[in-house]
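The figures here come from the full heavy-atom set of this structure, side chains too, leaving out hydrogens, waters and symmetry mates. Predicted model only: the values in this text are computed from it and were never measured.
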Amino acid sequence: MTKIMNAVMIKEYGGISGIEFGETAIPDINSGEVLIKVHAASINPADLLFLHGQYGMQRELPSVGGMEGCGTVVATGNSLVARMLKGKRVAFVSEVFGSWAPYTKASAMTCMMLPDHVSDEQGAVFFVNPASAMAMVKIAKQHKSKAIVQTAGASALGRILVKLGQEHGIPVISVVRKEEQELLLREIGGMHIVNSSSATFAEDLKHKTHELGATVCFDAVGGDLTGLVLSALPDGATIFQYGLLGGKTTTINADDLVFRRKRIAGFWASDWVKTQSIFELLSLQGSMKKSIGSHIQTEISQNFPMSQTVDAIQQYTANMTSGKVLLLPV
């Protein structure tokens, strides 16, 4: 095998202007890692933050871009978990190296063997959104919330959460900002949709949250919207902010914290996973395998060769609700 490959390289943290398609070495692996021949890799909002140096971690530059993908394990380290994956098709997360390359490495613990019925496209989006949505349902149950509020409700994650809510009997109140997003959610069975562009948004959301008993919200937006949503939630409710689509500054009403016993906390899937036991993670993986590729599908809008990553990112950011954009090593 050649030791050099062409990959999407981050030269500097400055958005798409900081990336180029160039040469890098195929990575070496240690005992607990696997080497993966990549079939497809995804573009996620976290990747966009990473390109600007605003994600929760950074790599030494230059670095391969991306984190999530699907591929076949072609070499393994010596650990038992790694060796069990040799020759298997897996979904993976590679925070340490990156996924926008023909070959990558990942910890064996962040790989999952894919059932035959799951396509490479669905495998490339197997981890980040489905796992986060399932974690959100689990957190809502732990907080004894009878319903969940989700901002960016028409996003890929938001749509998965609607379907999981149906499966688990937990209503999901989806906050959107466009009429076409409302229609999109209704097509998949969404019943509780509130438009933040409406003049009666605050009243509508307050009515829904109190009617359904939603004391947990997962917020992907931030900014002023977070405070509006927090004020609409019942007393004692908690917002988990997990995204920065509206900017890094979140505005909230102090009265909600002091007198209404409401709380705001961060949710980062990478950190949440580290708090779970091996048995809980195995249970999560089992649930994902049963759901993904069958009644839970992620919409894929377009595939691009990795050499056209700038075009792919521009396409994705122009309309995220139209579906995921994938990168192919061709």
Side-chain angles (χ1 to χ4, degrees), residues 1-11 19-44 46-47 50-51 55-116 118 120-128 130-131 268-274 276-278 281-282 284-285 288-289 305-307 309 326-330:
M1 181 189 297
T2 177
K3 294 188 176 181
I4 300 295
M5 60 181 173
N6 288 317
V8 183
M9 303 300 298
I10 304 173
K11 297 294 187 178
I19 64 176
E20 65 179 42
F21 192 65
E23 290 187 346
T24 190
I26 293 175
D28 296 323
I29 56 175
N30 65 31
S31 176
E33 294 178 328
V34 297
L35 181 67
I36 301 167
K37 180 178 175 60
V38 176
H39 299 168
S42 62
I43 301 174
N44 289 301
D47 298 317
F50 194 95
L51 291 178
Y55 190 62
M57 54 158 284
Q58 293 186 351
R59 305 182 191 120
E60 184 177 348
L61 299 183
S63 167
V64 171
M67 299 182 205
E68 181 185 34
C70 164
T72 297
V73 175
V74 295
T76 74
N78 293 325
S79 75
L80 176 61
V81 177
R83 286 187 283 117
M84 289 175 62
L85 295 175
K86 181 66 179 292
K88 304 298 184 182
R89 192 171 62 107
V90 299
F92 67 86
V93 173
S94 177
E95 286 189 333
V96 66
F97 184 80
S99 63
W100 298 348
Y103 292 90
T104 187
K105 68 175 181 177
S107 166
M109 296 302 294
T110 61
C111 296
M112 188 187 307
M113 285 187 284
L114 289 170
D116 291 341
V118 177
D120 285 346
E121 286 188 336
Q122 291 299 312
V125 293
F126 194 90
F127 257 116
V128 173
W268 186 20
S270 296
D271 268 358
W272 181 84
V273 165
K274 296 171 186 176
Q276 305 301 294
S277 70
I278 185 64
L281 291 178
L282 288 173
L284 177 66
Q285 289 192 7
M288 289 171 64
K289 286 183 179 181
M306 289 183 179
S307 59
T309 295
L326 302 183
L327 299 174
L328 308 180
V330 292

K.L.:
Rounded to the nearest 0.5 Å, how far does CZ of Phe92 lie from OG1 of Thr72?
P.N.:
10.5 Å
K.L.:
When you compare the side chain of Met9 with that of Val64, does any pair of heavy atoms fall below 4.5 Å?
P.N.:
yes
K.L.:
Counting only N and O atoms by type, is there a donor-acceptor contact under 3.5 Å from the side chain of Arg89 to the main-chain atoms of Val73?
P.N.:
no
K.L.:
Where the side chain of Ser94 meets the backbone of Lys105, is there a donor-acceptor pair that is under 3.5 Å apart?
P.N.:
yes
K.L.:
Rounded to the nearest 0.5 Å, what separation is found between the CG atom of Leu85 and the CD atom of Glu33?
P.N.:
12.5 Å
K.L.:
Is the distance between the ring centroids of Trp268 and Tyr55 under 6.0 Å?
P.N.:
yes
K.L.:
Return the minimal non-hydrogen interatomic distance between Ala7 and Ala101, and the atom names on each side.
P.N.:
CB-CB, 3.5 Å
K.L.:
Heavy atoms only: give me the nearest Val74-Lys86 pair and the separation to one decimal.
P.N.:
O-CE, 3.2 Å
K.L.:
When you look at CE of Met109, are more than 12 heavy atoms from neighbouring residues, nucleotides or ligands closer to it than 6.0 Å?
P.N.:
no
K.L.:
With side chain to side chain contact (heavy atoms under 4.5 Å, CB included) as the criterion, how do Ser42 and Val128 come out once you've worked through the C-alpha distance, each side chain's angles and the decisive distance to 0.1 Å?
P.N.:
CA-CA 10 Å; Ser42 62; Val128 173; 5.7 Å; no
K.L.:
Taking the side chain as every heavy atom from C-beta outward, state whether Trp100 and Ile43 have any atom pair closer than 4.5 Å.
P.N.:
yes
K.L.:
Is a side-chain donor or acceptor of Ser99 paired with a backbone partner of Ala41 at a separation under 3.5 angstrom?
P.N.:
no
K.L.:
Atom CE in Met306, atom CG in Leu326: separation rounded to 0.5 Å?
P.N.:
9.5 Å
K.L.:
To the closest 0.5 Å, what do you measure between CG (Leu35) and CZ (Phe97)?
P.N.:
9.0 Å
K.L.:
Ignoring hydrogens, what is the shortest heavy-atom contact between Asp47 and Gly66? Give both atom names and the distance.
P.N.:
OD1-CA, 3.6 Å
K.L.:
Check whether any side-chain heavy atom of Leu114 lies under 4.5 Å from a side-chain heavy atom of Cys70, and answer yes or no.
P.N.:
yes
K.L.:
Would the number of heavy atoms belonging to other residues, nucleotides or ligands and lying under 6.0 Å from CG of Asn6 be above 12?
P.N.:
yes
K.L.:
Just wondering, do Glu68 and Asn44 contact through their side chains at under 4.5 Å, heavy atoms?
P.N.:
yes
K.L.:
Under the criterion side chain to side chain contact (heavy atoms under 4.5 Å, CB included), I'd like the reasoning laid out for Phe50 against Ile10: C-alpha separation, chi angles, the key distance, then a yes or no.
P.N.:
CA-CA 10 Å; Phe50 194 95; Ile10 304 173; 3.7 Å; yes
K.L.:
Determine whether Met5 and Pro27 make a side-chain contact, defined as any pair of heavy atoms from C-beta on separated by less than 4.5 Å.
P.N.:
yes
K.L.:
Is a donor on one side and an acceptor on the other found under 3.5 Å between the side chain of Thr104 and the backbone of Ile36?
P.N.:
no
